[in-house]
Amino acid sequence: MTEKLHLTPEDEFPEDLSKVEDKDLQVLDSQVQRQLDYEYVAEGEPNPETEFRHYDLDEEFSERDKRQD
């Protein structure tokens with residue numbers, strides 16, 4: 001996993017989040033959230049790719065929560 005604090009739309013992103021370990025998924029989520037925050041401040045709106053990644057991460061977290069119930 002990368003040591004970057006942000007994950008730009010150009011950076012690699014896993015195709016299948018279900019195969020990403022919990023800890024790495026949390027890091028990935030933090031990187032995408034930081035990128036979203038940056039885009040809102042610097043550009044006034046998020047990049048569609050960053051929004052898509054954020055949505056995918058939220059969906060994966062929801063799926064994992066369901067599996068643990």
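Note that the coordinates shown come from a computational prediction; the quantities given were computed from them, not determined experimentally. Computed over heavy atoms, backbone and side chain alike; hydrogens, waters and symmetry mates excluded.
Tested against Q33 for a side chain to side chain donor-acceptor pair (under 3.5 Å), the candidates H54, R53, H6 yield a single pass: H54.
Using a 4.5 Å heavy-atom cutoff, the side chains of Q26 and D29 are not in contact. Between E49 and T8 there is no side-chain heavy-atom pair separated by less than 4.5 Å.
A distance of 9.5 Å separates CZ in F13 from OG1 in T50, rounded to the nearest 0.5 Å. Rounded to the nearest 0.5 Å, atoms CZ (F61) and CG (L17) are 9.0 Å apart. The distance from atom CD of E60 to atom CD of E63, rounded to the nearest 0.5 Å, is 7.0 Å. Of the inter-residue distances, the one linking N47 atom CG with Y40 atom OH reads 11.5 Å to the nearest 0.5 angstrom. Separation of atoms CD (Q31) and CG (L57) is listed at 10.0 Å; rounding is to 0.5 Å.
Under the 3.5 Å distance criterion, with hydrogens and angles disregarded, a donor-acceptor pair is assigned to the side chains of Q35 and E39.
The hydrophobic clustering, which links ILVMFWY residues whose side-chain heavy atoms are closer than 4.5 Å, places L7 and V20 together.
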(request) Show your working on side chain to side chain donor-acceptor pair (under 3.5 Å) between D65 and S62 and close with a plain yes or no. (result) CA-CA 5 Å; D65 283 344; S62 292; 5.6 Å; no
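Summarising the local packing, CD of E45 is surrounded by 12 or fewer heavy atoms from other residues, nucleotides or ligands at distances under 6.0 Å.
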